[in-house]
Amino acid sequence: MATSIDTDTNTNTRIDTDTSSSAGNTSRQINNAPYEHAPQILEGCDTLSKLWRQVCLSRGNKIAHREKAFGIWQSYSWTDYYQRSCDIGMALVALGLNKGDTVSILSEDNKEWLYCDMGICAVGGVPNGVYTTDSPAQLAYILSDSHSKFLIVENDEQLHKFLQIREQTPNVKKVIVFEHKGLRSLNDEQVIFLDELYTLGQSVDNAIERFSHYIDQGSPNDIRTLIYTSGTTGDPKGAILTHANVLFGLKTSIEVLSILPSDEQLCFLPLCHVLERLTSVDLPIHRGCIVNFAESTETVFENMKEVSPDTFTAVPRLWEKMYASISNMRSDASALNGWAFDQALKAGHDYADVTIAGRTPTSLQKLRYEFWDKLVLRKLRDLIGMSNIRRATTGAAPISQDLIRWFHAIGVPIYEGYGMTESAGIISVNTEDENRAGSVGKALPGTEVRIADNGEILVRGGHVFAGYWNKPEKTAEDLRDGWLHTGDVGELREGYLFITGRIKDIIITAGGKNVTPAAIESKLKFSSYISDAIVIGDRRKYLSCLIMIDQENVEKFAQDNQVMFSDFRSLCHAPEVIALIDEVIQSVNETLAQVEKIKRFRLIDVLLNPEDEELTATMKLKRSLVEKKHHALVDSMY
């Protein structure tokens, strides 16, 4: 029997930060004008859903996505994208999804994530991604705070998290599971599988026409997505991004970023993060590039070699790991190969220093670079899957300028950008034509960036979010007089934005000197032996540092130098390892002013991963929590 669905949408849903309504009513409205934006028109469309429908229908059987199945890359078309999203959207409506209802997605990156995302969005629901590394307690918080009516999970592991906190989330009506593995004997009325959802959607009478009707009813100030911040300084907050926000970000991003329909991309960062959503969902919808899904976070480097992407966006931690891996290969090379690598890198550095500064290399510099590029560097790029790279971008956290210079030297131009969830992704970015070393580039066209009297970076434009879900007081803190208060400290020089730190992280020493720790920490993390660092010294007489060593590289050092250790803790306490890190710190100290020098340090002897409360899902250390949890180590340095 066909399922009948009422498509009467009444009035359009807009955003409301007033929490006086009941928890079950997820309609949101914004009454204060600064948080609404003028409609944006892209390819004749005023919502992302309309643009997506238009391109899916026009591109048809062209490849949209690739994903591995049984070790072989399989292709999926734009028609698949549209049809499967339609099935999901209409099935959720049949199950009771109303406009403005939230649906949370708890899964690793895959094509189904995107099918759910666009299917939910198209029928007026609010898609919300949840990090797979979140604990059951964190999942309960987000499901409750977002008033999620449905939860979509990838597998039995993620379903188990929900079952542990089911009683705390009565608002969740149904849970949809992608994979049957490990759950074939499950008999739970609240749980259904994705293939059942597809079947339900296909049974809806006139499903395609009704799905298209829902898309037609969408308006620019409808919520495109809800994205929770990483929670570095407290509980995560749900940032509301509208279709107007997203289309504005798309229109301005493509004015400065070179993105071609023929481009191959690799999707590996969590899709619930704003950077990957922009890179692997929104921009490909507009530009038509092919998105390849990495098999897992462990196979990123292997998949990169298989895909050889044209453009690549990553967080600093990945660039650091790639650098460390190549440094290890150099240390294991024969004398001749090591010498050739060193000569190639020297030629690359000389060439990069000139080009990064915006100058023209001399004929000799160019000839020398081309020689070593053909002999060594080109093979190195092949080895790491960067043979086709045209543009690489880094963001989401500070990165060492030495690291950017090193990648430029091997022929991988990395351009640093800056953005946040609340800006729908990008605020500023360096490009091949406009690049300033040490900066995060110029602001996107049609936007404004200014520096407040206290040094805080303020942003205004159509990409600025509409407010925090159910948190009017937090919205009022960060959105004032039409300006987004970023919490970051910076400077503007000739139109280029330089970030010096976070307001909350500024250290004021006992001697009254102001120190921004981010730049010092970035210098430390350039070492292949250090994965992260937290500089400490607020109201203290000197600076100290907590260090997280890079397990793989330090273990290799220990093995190469016959250092005895039995586990990670004993590795951190080995005198030779402590001396190794001390050597790195003293080298960095030589580049710092006297007040910035690290006088003492301690190694955190516990391996941390995203499940630990000290780390956010994007692998950023929660500074205040780390200091508090390891207070004994901190106290021992003073």
Side-chain angles (χ1 to χ4, degrees), residues 230-235 316-317 320 397-398 400 487-489 500-527 529-551 554 565 567-638:
S230 57
T232 309
T233 57
D235 285 334
R317 185 67 192 123
E320 291 160 3
S400 164
D488 291 314
V489 180
T500 55
R502 294 280 297 170
I503 287 180
K504 292 180 180 178
D505 293 345
I506 291 177
I507 292 171
I508 303 176
T509 66
K513 300 291 186 179
N514 284 19
V515 177
T516 53
I520 303 172
E521 291 161 356
S522 290
K523 286 176 178 289
L524 292 169
K525 289 188 288 183
F526 180 63
S527 166
Y529 299 121
I530 295 177
S531 78
D532 218 332
I534 288 186
V535 174
I536 295 162
D538 198 43
R539 298 184 298 277
R540 299 179 187 267
K541 55 187 178 181
Y542 54 81
L543 299 188
S544 64
C545 191
L546 290 176
I547 300 285
M548 285 176 59
I549 63 171
D550 185 287
Q551 182 187 18
V554 174
F565 69 97
D567 54 19
F568 185 75
R569 186 174 187 278
S570 65
L571 180 68
C572 290
H573 289 273
E576 296 90 343
V577 170
I578 294 172
L580 172 71
I581 301 303
D582 182 60
E583 191 176 315
V584 173
I585 289 176
Q586 296 312 318
S587 177
V588 169
N589 274 344
E590 291 177 7
T591 70
L592 301 174
Q594 188 61 36
V595 71
E596 297 174 319
K597 293 183 187 296
I598 305 297
K599 297 292 173 55
R600 295 186 180 178
F601 71 93
R602 295 289 185 272
L603 305 186
I604 297 174
D605 60 9
V606 180
L607 270 176
L608 297 178
N609 57 59
E611 284 82 3
D612 293 306
E613 59 181 350
E614 293 104 310
L615 284 178
T616 70
T618 50
M619 300 301 288
K620 289 184 282 191
L621 282 171
K622 298 179 181 178
R623 185 180 301 273
S624 59
L625 188 56
V626 169
E627 287 190 45
K628 181 179 179 182
K629 192 161 185 177
H630 299 280
H631 66 88
L633 279 180
V634 174
D635 291 345
S636 72
M637 293 187 282
Y638 294 94

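Residue indices begin at 1 and follow the sequence shown. Small disclaimer: the values here were computed from a predicted structure and weren't measured.
- Between Ile604 and Val626 the shortest side-chain heavy-atom distance falls below 4.5 Å.
- With rounding to the nearest 0.5 angstrom, the OG atom of Ser636 is 12.0 Å from the NE2 atom of His630.
- A 4.5 Å side-chain heavy-atom check between Glu627 and Ile536 finds at least one atom pair inside the cut-off.
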With side chain to side chain contact (heavy atoms under 4.5 Å, CB included) as the test, would you mind laying out the steps for Lys523 and Leu592 before giving the verdict?
CA-CA 10 Å; Lys523 286 176 178 289; Leu592 301 174; 3.9 Å; yes

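- Interatomic distance, OG1 of Thr591 versus CD of Glu596, reported as 8.0 Å (0.5 Å rounding).
- The side-chain heavy atoms of Ile598 and Val588, taken from C-beta on, include no pair separated by under 4.5 Å.
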Please tabulate, for side-chain N and O atoms in residues 538-550, each donor-acceptor pair with protein atoms closer than 3.5 Å (sequence neighbours left out).
from	atom 1	to	atom 2	distance (Å)
Asp538	OD1	Ile508	N	2.9
Tyr542	OH	Met637	O	2.4
Ser544	OG	Tyr638	OH	2.8
Asp550	OD1	Glu552	N	3.3
Asp550	OD1	Asn553	N	3.0
Asp550	OD1	Asn553	ND2	3.2
Asp550	OD2	Arg317	NH2	2.9

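- Nearest heavy-atom pair, Ser400 versus Ser522, reported as atom, atom and distance to 0.1 Å: CB-O, 3.3 Å.
- When the side-chain hydrogen bond (donor to acceptor under 3.5 Å, both in side chains) test is applied to Arg569, the partners found at least two apart in sequence or on another chain are Asp605.
- The shortest side-chain heavy-atom distance between Ile507 and Asn514 does not fall under the 4.5 Å cut-off.
- Minimum interatomic distance between Ile520 and Val535 (heavy atoms only, all atoms of both residues): CG2-CG2, 3.9 Å.
- With sequence neighbours excluded, the residues satisfying side-chain contact (heavy atoms from CB on, under 4.5 Å) with Pro316 are Glu320, Thr394, Ala397, Ile399.
- Partners of Glu590 under the side-chain contact (heavy atoms from CB on, under 4.5 Å) rule, at least two apart in sequence or in another chain, do not exist in this structure.
- With sequence neighbours excluded, the residues that form a salt bridge (charged side-chain N to carboxylate O under 4.0 Å, His left out) with Lys525 are Asp532.
- Partner Pro517 forms a side-chain contact (heavy atoms from CB on, under 4.5 Å) with one of Asp505, Ile534, Ile506 and no other, that one being Asp505.
- Closest of all the heavy-atom pairs between Leu524 and Val584 is O-CG1, 4.4 Å.
- Checked by atom type and distance alone, the side chain of Ser527 pairs as donor or acceptor with a backbone atom of Tyr529 at under 3.5 Å.
- Every side-chain contact (heavy atoms from CB on, under 4.5 Å) that Gln586 has, sequence neighbours left out, goes to Asp582, Asn589.
- Considering only heavy atoms from C-beta on, Ile503 stays 4.5 Å or farther from Asp488 through its side chain.
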